[in-house]
Amino acid sequence: MRHTHSCGELTVQHTTLTVDLIGWVHAKRDHGGLLFIDLRDRTGLIQLVIAPQKFPDLVNLHPESVIEVMGTVMLRSTETVNNHLQTGQIEVSVEQAIIHNASDVLPFSLDESRAENVSEETRLTYRYLDLRRPSNYQRLLRRHKIAAAVRNYLNDNGFLEVELPILFKTTPEGAREFLVPSRVNPQQFYALAQSPQQYKQMLMVAGLERYYSIARCFRDEDLRADRQPEFTQIDLEMSFIEAEDIYNLIEGMLRHVWKNVLQKDLALPLKRMRFREAMDRFGSDKPDTRFVLEIQDVTDIFAHSAFKVFADVVATGGVIKAINGKGLTDLTQGELKALEDSAKAMGAKGLAFIRVEESGWKSPISKFFNEEEKVALAKALSMEVGDVVFFAAEKWERACTILGRIRMDCANLLQRRGRLSIDGDRFDLLWIVDFPLLTYDDEIGHYVATHHPFTAPVPEDIGLLDSDPHTVRGQHYDLVMNGVELGGGSIRIHNCDLQRKIFHEILKIPREVVEDRFGYMLRAFRFGAPPHGGIALGLDRLAAMLSATTSIRDVIAFPKTQRGQDLMCQSPSPASQKQLRELHITFK
RNA sequence: GGGGUGGUAGUUCAGUUUGGCUAGAACGUCGGCUUGUCACGCCGAAGGUCGCGGGUUCGAGCCCCGUCCAUCCCGCCA
């Protein structure tokens, strides 16, 4: 390498030294008889002092040009020291300069305060420029450190890193897949792996005992702020273990990451919460427990109410849930409307409410309540003047999720009013456990796997598979942080007969489909399959949250837009007729 | 597949409510000046397919219909 130092590493100790630096022109200040250039590389900035008459070419350079300079490190005079700059006590007096690449005028400013506001569309089109911003570099650096800490920890705990195939086969259940036509097998397709799930289970049968990979996964579903068509999982699987072993391992791994990346101690063990409790109290299977605002069940109060709407719901097996938006009686009409829209988006018909004001309750429904009901309700929800209470009267799960959404909306409103503050570096981690193994799907008329069909039932519930399938608990666990699902895993089925029963009798997958898609797996389970289980954590989400950003696009080098396009290289793009012919693809 | 928000100069936005003069501002760019700045400063100039297509109108950035793109959410994500 030709340069002697990085820009950011220079200090007063280098004074009088002759150095060779190379980097980008971060900023240029032309004073006519004197020229300043801030030279930048990934380590930081250093001010160059230049006599413009000696280097006329430097005067007309655009920012982001790449130059190399040789010069002497000088101590700045006290009145010219810049305390905002790491290297602000020194500067380099330039004696020689080479322009390696004069930049065109930039399509947008890379100045942090301005670039933040530039549309993502523009920034993604010129992603290689956007990534030059120090904040973006820091995010990729942090992601790298997380991955490195994870690898170190797992390596030290007896894990083998194994790369598993990305070209897999289509599976009947699960997410929509990307199909890849096979040239040498006409009319046959691979599917890009949604996850290494089945391969890693085969590794356990193969006797590896402990496997991990930082695995790329592909799902052809619609995108969100925290969803990309390709994403990365910290994927691992272990043999001869129980759920407790996974909790211990992952908690240790997280502590290692927190220590190495954030220089913080993570308090262990992590809390655990049953699925049922998470739904009842927070209206979500990924509860944000950083603030209270809990949901209350008021079904009993209104079981025999004169208010027909509530009584009817209870009579048909539904529940009445309520949440107290503490101190939000100053809701504007617009905010109330927005809450109503939220509720409707979650499947509610409307959003009943009570405003608790000095003059009494203001509500479209409270006139139907009798005194006894009002007293009980006020007590159950600790209603005080200034509060607003919202209701959901629905089937249990829907009532929970509606108010779960309202809870998050209320928290946002309270934050905007400055009445609720959530510490930016607070991380509430917890395990969600005791999920139901199966969920009944009304549309198709039978049960589907709540997570995936390989999840083992809790042993003492296996007998209920035939009689009460909905009560069977799965040995599944989700890891949740600040209301975001960081990952999930389970103890797997390793018994051929049980796996077959789940496929055939419970999930009603036709016999020939099972044979075609999972036949190899069932066969493997007849040759000494060890008890095993594992987990997958979303690296993108983890990196995003540890970088204090809500969009995983911020921690992915080259993310795709909501329509799955890469704006920089313009993919996807049409294929040539020749390629299509070779792949045996014809369009009508 | 559905709903919300947005698209005006290179960038970020105002202008759309109530259709009406040559569509503005800041930053950037270009030219000039400037030896201690670090968001340098001062003077001047250029820069527009108002996303695209159609319609209404004497007249459309603004109203109507369609469409494309971005983004957020619902569905979906075993």
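To find a chain, count down the sequence lines: A is the first, B the second, and so on, and within it residues start at 1.
Comparing B:rU17 with B:rA60, their P atoms are spaced 15 Å from each other, to the whole Å. Taking the P atom of each, B:rC69 and B:rG53 are spaced 16 Å apart, rounded to whole Å. Nucleotides B:rC27 and B:rG41 have their P atoms positioned 8 Å apart, rounded to a whole Å. The C1' atoms of B:rG51 and B:rU5 are separated by 16 Å, rounded to the nearest whole Å. B:rC42 and B:rG48 are spaced 28 Å apart, taking the C1' atom of each and rounding to whole Å. When the C1' atom is used for both B:rC72 and B:rG55, the distance is 31 Å, rounded to whole Å. Rounded to the nearest Å, the gap between the P atom of B:rC30 and that of B:rU71 is 31 Å.
Under 3.5 Å, the side chain of A:Asp341 and the base of B:rG4 form no donor-acceptor pair of N or O atoms. Within 3.5 Å, a donor on the side chain of A:Arg227 pairs with an acceptor on the base of B:rC77, or the reverse.
Across all strands shown, A:Arg405 has heavy atoms under 4.0 Å from sugar-phosphate atoms exclusively, and none from any base. Within the nucleic acid shown, A:Ser342 has no heavy atom closer than 4.0 Å to any nucleic acid atom.
No donor-acceptor distance shorter than 3.5 angstrom exists from the side chain of A:Arg398 to the backbone of A:Ala348, with no hydrogens or angles considered. A:Glu112 places a side-chain N or O within 3.5 Å of a backbone atom of A:Ser135 that can act as its donor or acceptor partner.
In the set B:rC74, B:rC76, B:rU12, the nucleotide with an atom closest to the side chain of A:Glu221 is B:rC76. Closest to the side chain of A:Glu120, from the set B:rC69, B:rC76, B:rU71, is B:rU71. Checking B:rG10, B:rC73, B:rA70 against every side-chain atom of A:Arg563, the shortest atom distance belongs to B:rA70.
Residues A:Val25 and A:Leu61 approach most closely at CG2-CD1, 4.1 Å, considering heavy atoms.
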Polar atoms only, N or O, under 3.5 Å: list the protein pairs with nucleotides 29-33 of chain B and their distances.
unit_1 : atom_1 : unit_2  : atom_2 : d
B:rC30 : OP1    : A:His62 : NE2    : 2.6

Enumerate all atom pairs, one protein N or O and one N or O from nucleotides 35-39 of chain B, separated by less than 3.5 Å.
unit_1 : atom_1 : unit_2   : atom_2 : d
B:rU35 : OP2    : A:His31  : O      : 3.3
B:rU35 : OP2    : A:Gly33  : N      : 2.9
B:rG36 : N1     : A:Glu91  : OE2    : 3.0
B:rG36 : N2     : A:Glu91  : OE1    : 2.6
B:rG36 : N2     : A:Glu91  : OE2    : 3.1
B:rU37 : O4'    : A:His31  : NE2    : 3.4
B:rU37 : O2'    : A:His31  : NE2    : 3.4
B:rU37 : O2     : A:Arg29  : NE     : 2.5
B:rU37 : O2     : A:Arg29  : NH2    : 3.3
B:rU37 : O2     : A:Gln47  : OE1    : 3.4
B:rU37 : N3     : A:Gln47  : OE1    : 2.8
B:rU37 : N3     : A:Gln47  : NE2    : 3.1
B:rU37 : O4     : A:Gln47  : NE2    : 2.6
B:rU37 : O4     : A:Arg76  : NH1    : 3.2
B:rC38 : O4'    : A:Arg29  : NE     : 3.1
B:rC38 : O2     : A:Gln47  : OE1    : 3.3
B:rC38 : O2     : A:Asn82  : ND2    : 3.2
B:rC38 : N3     : A:Arg76  : NH1    : 2.7
B:rC38 : N4     : A:Arg76  : NH1    : 3.2
B:rC38 : N4     : A:Thr80  : O      : 2.5
B:rA39 : N3     : A:Arg114 : NH2    : 3.0

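Within the 4.0 Å cut-off from OP1 or OP2 of B:rC74, not a single side-chain nitrogen or oxygen of A:Arg398 is found. OP1 or OP2 of B:rC73 has not a single side-chain nitrogen or oxygen of A:Gln562 nearer than 4.0 Å. Between A:Ser109 and B:rU12 there is no side-chain polar atom (N or O) within less than 4.0 angstrom of OP1 or OP2. Between A:Thr561 and B:rA70 there is a side-chain polar atom (N or O) within less than 4.0 angstrom of OP1 or OP2.
Two residues, A:Arg176 and A:Gln565, neighbour RNA chain B, and the one matched to the more 5' nucleotide by heavy-atom proximity is A:Gln565. Comparing A:Gln194 and A:Ala225 against RNA chain B, the residue whose closest nucleotide sits nearer the 5' end is A:Ala225.
Applying the salt bridge (Lys or Arg N to Asp or Glu O under 4.0 Å) test to A:Arg216 and every residue at least two apart in sequence or in another chain returns A:Glu230.
With no hydrogens or angles considered, no side-chain donor-acceptor pair links A:Glu237 and A:Tyr212 at under 3.5 Å.
Comment: A:Arg274 engages A:Asp434 in a salt bridge, judged by a side-chain N to carboxylate O separation of less than 4.0 angstrom. Between A:Lys344 and A:Glu340, at least one side-chain N (NZ, or NE/NH1/NH2) sits under 4.0 Å from a carboxylate O, which counts as a salt bridge. For the pair A:Lys28 and A:Glu64, the salt-bridge criterion is not met [side-chain N within less than 4.0 Å of a carboxylate O].
Relative ring orientation between A:Phe503 and A:Phe518 is described as parallel, the plane-to-plane angle staying below 30° on a 0-90° scale split at 30° and 60°.
Remark: A:Arg276 is positioned above the aromatic ring of A:Trp396, its terminal NZ or CZ atom under 6.0 angstrom from the ring centre and at most 45 degrees off the axis.
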